[in-house]
2 protein chains.
Amino acid sequence: MHKPRKEMIAETRAKLIAAARHAFGTIGYAEASMDDFTASAGLTRGALYHHFGDKKGLLQAVIAEIDGEMAARVNEVAARAPTRWQHFVDECTTYIEMALEPEIQRIMFRDGPAVLGDPAQWPNANACIASMAGHLTTLQEEGVVVSGLDPETASRLINGASSQAAQRIANSNDPEATSKKVVTAFKQLLEGLLKRPGPQPN
Amino acid sequence: MHKPRKEMIAETRAKLIAAARHAFGTIGYAEASMDDFTASAGLTRGALYHHFGDKKGLLQAVIAEIDGEMAARVNEVAARAPTRWQHFVDECTTYIEMALEPEIQRIMFRDGPAVLGDPAQWPNANACIASMAGHLTTLQEEGVVVSGLDPETASRLINGASSQAAQRIANSNDPEATSKKVVTAFKQLLEGLLKRPGPQPN
DNA sequence: ACAATTACATACGGAGCGTATGATTGTTAA
DNA sequence: TTAACAATCATACGCTCCGTATGTAATTGT
């Protein structure tokens, strides 16, 4: 009895997820050979099929893990901010910053949707959207944001714009300059949500 | 001499593109067997590799064709509109409507980016974006839209939001109702581009 | 302690892809 | 006109990858 059973199982699951995450994030889902990255974890496809059913199931597990990390990072930034509106804007820009990382971009915004379909339908990967939608709701109640629009819908649209924003920065040969252009355009779009006659925060 | 040579070649190219387009648009790129859909066109993979190099090359050709059609449809709607701003808004909503079609959604917004990478880098598939960016530029010169933002960047962000909008409508079980919610939220975002103190068109 | 279940590896068959080669047809120049 | 040439497309082969079926060792329940 060297180790408790449950720990070994959790360990192999974690090793598989980590190996798959690295492979998916670098060479991509389609090019990632199950034989290869299971071997890099010291295992075989047998373990993979046992724990995750198939390649898609493993991708779902990887996505759930990344989504949890992203939500944690967003909530972390969410801790303190001058105004609620600024808080919301920071949340969005943080989302863009996270989307700049190649692993997140590849898995969450490219291969993920292609393999698993509409991210809105994913079971365990909507924490960030939920958070944004919640803040939008309170902003509406406070009269900062125009009423009459569905918070989750708006969050999804913003999310789509964020994804494009991150792609544009990431693929630029002058990321510093384009980052400024992208962020200003993005914030400009966000201001469309603000109530008109009211004074602008800041 | 039954037919001129060049016509036969163009015909086989067209048949391959049509067959691939149907397969990619229904079962998706990854699930589409080259043997199957070339056979459905009365050909083999030999013709495919000769004309397009590989499966990716054929996808590029399919995308170029669809992009041309989309640009044509956008320009068609662009013909007459009350104001330039309304014209721009119509252009965007037309884009959403096109993105509602399963074939376009699957090929242009899901499998395409996953296989070929960032759409902004595609060689022959940016006609719609270019059109939108052009209109944004003139709107800026006329003082309708705020200055200081890059037109193409803004177009890309709007494009990303449009894609999400279409997905949300398409996957809804009540497309009629969600369509209203999505379009209102989308237009609200667009109004962020308008100059504040000026009178709103309409 | 012994049956039953779990966790994982191994083995097998099939499908899909890319390349190399071959055959047929149209084009071109002498 | 015809012979060499090039282009178009089909066929054949080997490879990699995936999914399932099966095997085995270890662990749990009783």
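The B:L43 side chain lies nearest to D:dC9 when the options are C:dG18, C:dC8, D:dC9. Nearest nucleotide to the A:Y49 side chain, out of C:dG18, D:dT20, C:dG16: D:dT20. Picking from C:dC17, C:dC8, D:dC17 the nucleotide with the shortest atom distance to the side chain of A:A47 gives C:dC8. The listed nucleotides are C:dG16, C:dA9, C:dG18; the one nearest the side chain of B:D36 is C:dG16. When each of D:dG19, C:dC8, C:dC17 is scored by its nearest atom to the side-chain atoms of A:R45, the top-ranked nucleotide is D:dG19. When the nucleotides D:dC18, C:dC17, D:dA10 are ranked by their closest atom to the side chain of B:K55, C:dC17 comes out on top. Closest to the side chain of A:H51, out of C:dC8, C:dG18, D:dG19, is C:dC8.
Just one residue in the list A:D35, A:T38, A:D54 forms a side chain to side chain donor-acceptor pair (under 3.5 Å) with A:R45, and that residue is A:D35. If you run side-chain contact (heavy atoms from CB on, under 4.5 Å) between B:F24 and each of B:I63, B:L59, B:D111, only B:L59 comes through.
Side-chain nitrogen and oxygen atoms of A:T12 include none within less than 4.0 Å of the OP1 or OP2 phosphate oxygen of C:dA7. OP1 and OP2 of D:dT11 both lie 4.0 Å or more from every side-chain N or O belonging to B:T44. For B:H50, a side-chain nitrogen or oxygen approaches OP1 or OP2 of D:dT8 to under 4.0 Å.
Put simply, CG on B:D35 is 11 Å from P on C:dG18, counting in whole angstrom units. Computed from coordinates, the B:M8 CE to D:dA7 P distance equals 18 Å when rounded to whole Å. Spacing between atom CE of B:M34 and atom P of C:dT19 amounts to 10 Å, rounded to whole angstrom units. Between A:L16 atom CG and C:dA7 atom C1' there is a gap of 12 Å when expressed in whole angstrom units. Rounded to whole Å, atom P of C:dG18 lies 15 Å from atom CZ of B:F52. Distance B:D54 CG to C:dA20 C1': 17 Å, rounded to the nearest Å. Atom CD1 of A:I9 is separated from atom P of D:dA26 by 15 Å (rounded to the nearest Å). In this structure, B:E7 places its CD atom 16 Å from C1' of C:dT25, rounding to the nearest Å.
Among the atoms of the strands shown, none is found under 4.0 Å from any heavy atom of B:A39.
With a 6.0 Å radius and a threshold of 12 heavy atoms from other residues, nucleotides or ligands, B:H87 has its NE2 atom above the threshold.
Looking at A:R21 and A:E69, a side-chain N of the basic residue comes within less than 4.0 Å of a carboxylate O on the acidic one, giving a salt bridge. B:R73 has a carboxylate O that lies under 4.0 Å from a charged side-chain N of B:E101, or vice versa, which qualifies the two as a salt bridge.
Position along DNA chain D of the nearest nucleotide to A:E31 versus A:G46 favours A:E31 as the more 5'-ward residue.
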